Amino acid sequence: MARVGLTPERLTEAGAELADEVGFDQVTVSALARRFDVKVASLYSHVRNSQDLKTRIALLALTELADRAADALAGRAGKDALSALANVYRDYARAHPGRYAAAQLRLDPQTAAASAGVRHARMTRALLRGYDLTEPDQTHAVRLLGSVFHGYVSLELGGGFSHSAPDTEETWARILHALDTLLRNWPAAPTDPRG
């Protein structure tokens, strides 16, 4: 019999909180059962296993990020939109490191297609239309932005910039300015596709 008050949604939210506290890799059904002071078996009527729980947390994180990005992008274009989107990712990662890690979870194609990840791609492409990029350059630019945002945030969260000057805020501002400049002056395709 299912324990009163436990639902897949409540377990997902608690799992997301746990991920922020101890790291996404440490989230398991067993750890969640300890949090609720229940037997592991009582959670299996709500989640299939730890992978199912992690997938649910990933979907929650993608939705939260998409909602924040949509709010931040409303009415913005160009560098203002670029900075808004970048700051959503960075701020979310700082506030919710476990959820941010969850948002990077590789999803199966069907789950990914039904996730808020699709909204992320649409918003990024909408932002890039302000830079007059068309395909295939738009796809290259989406990948570039994702790589820069994720790379910087991951290094920053890992302490990679904590022991050197200048301040990371200054570097972040310079990176966003450089990305804006690059997007406004997108280079022609190289003759050698390997660069």
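Note that this is a predicted model, so its numbers are computed, not measured.
- Side-chain contact between Phe149 and Leu176: present, with at least one pair of heavy atoms (C-beta onward) separated by less than 4.5 Å.
- No more than 12 heavy atoms of other residues, nucleotides or ligands shown are found within 6.0 angstrom of CZ on Arg48.
- Considering every non-hydrogen atom in both Ala141 and Leu128, the closest pair reads CB-CD1, 3.7 Å.
- Salt bridge Arg94/Glu169: present, at least one basic N to carboxylate O contact under 4.0 Å.
- The shortest side-chain heavy-atom distance between Arg35 and Glu21 falls under the 4.5 Å cut-off.
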Output, in order, the C-alpha distance, side-chain angles, deciding distance and verdict of side chain to side chain contact (heavy atoms under 4.5 Å, CB included) for Leu32 and Val47. CA-CA 11 Å; Leu32 199 55; Val47 294; 5.8 Å; no
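- In this structure the side chain of Gln138 never reaches within 4.5 angstrom of the side chain of Trp186, judged on heavy atoms.
- Transitive grouping of hydrophobic side chains (ILVMFWY, heavy atoms separated by less than 4.5 Å) keeps Leu62 and Leu73 in distinct clusters.
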Please walk me through it: do Tyr152 and Thr171 pass side chain to side chain contact (heavy atoms under 4.5 Å, CB included)? CA-CA 10 Å; Tyr152 191 88; Thr171 303; 3.6 Å; yes
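- Rounded to the nearest 0.5 angstrom, Thr168 OG1 and Leu155 CG are separated by 11.5 Å.
- Cluster membership check: Val27 does not share its hydrophobic cluster with Leu65, using side-chain heavy-atom separations under 4.5 Å among Ile, Leu, Val, Met, Phe, Trp and Tyr.
- Every pair passing salt bridge (Lys or Arg N to Asp or Glu O under 4.0 Å) that includes a residue from residues 132-153 is listed here, sequence neighbours excluded: Arg125-Glu135.
- The two residues Ala72 and Ala84 make their nearest non-hydrogen contact at O-CB, 3.7 Å.
- For the atom pair CZ of Arg56 and CG of Leu59, the computed distance is 9.0 Å after rounding to the nearest 0.5 Å.
- Considering all non-hydrogen atoms of both residues, Ala31 and Leu18 come closest at CB-CD2, 3.8 Å.
- Residues in residues 104-124 take part in these salt bridge (Lys or Arg N to Asp or Glu O under 4.0 Å) pairs, two or more places apart or across chains: Asp67-Arg119.
- Side chain of Asp20 to main chain of Arg99: a donor-acceptor pair is present (N/O by atom type, distance under 3.5 Å, no hydrogens or angles).
- How far OG1 of Thr181 is from CZ of Arg174: 10.0 Å, rounded to the nearest 0.5 Å.
- At distances below 3.5 Å, not a single donor-acceptor pair connects side-chain atoms of Tyr100 with backbone N or O atoms of Ala61.
- Placement of Ile175 and Leu127 within a single hydrophobic cluster is found when ILVMFWY residues are connected by side-chain heavy-atom separations under 4.5 Å, directly or transitively.
- Linking ILVMFWY side-chain heavy atoms closer than 4.5 Å, directly or via other members, places Leu11 and Leu60 in two distinct hydrophobic clusters.
- Cluster membership check: Val88 does not share its hydrophobic cluster with Val118, using side-chain heavy-atom separations under 4.5 Å among Ile, Leu, Val, Met, Phe, Trp and Tyr.
- Interatomic distance, Glu17 CD to His96 NE2, rounded to the nearest 0.5 Å: 9.5 Å.
- With a 4.5 Å cut-off on side-chain heavy atoms, Leu43 and Leu53 do not count as touching.
- Put simply, OH on Tyr44 and CG on Asn49 are 7.0 Å apart, with the number rounded to the nearest 0.5 Å.
- Rounded to the nearest 0.5 angstrom, Glu156 CD and Trp172 CH2 are separated by 7.5 Å.
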Evaluate the side chain to side chain contact (heavy atoms under 4.5 Å, CB included) criterion for residues Leu105 and Gln51: first the C-alpha distance (whole Å), next the side-chain angles of each, then the deciding distance (0.1 Å), finally the verdict. CA-CA 10 Å; Leu105 182 69; Gln51 187 59 40; 4.0 Å; yes
Would Phe24 and Gln104 count as a side chain to side chain contact (heavy atoms under 4.5 Å, CB included) here? Give the steps. CA-CA 10 Å; Phe24 183 60; Gln104 313 310 312; over 6 Å; no
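- Residues Pro187 and Leu182 meet the side-chain proximity criterion, which asks for heavy atoms closer than 4.5 Å.
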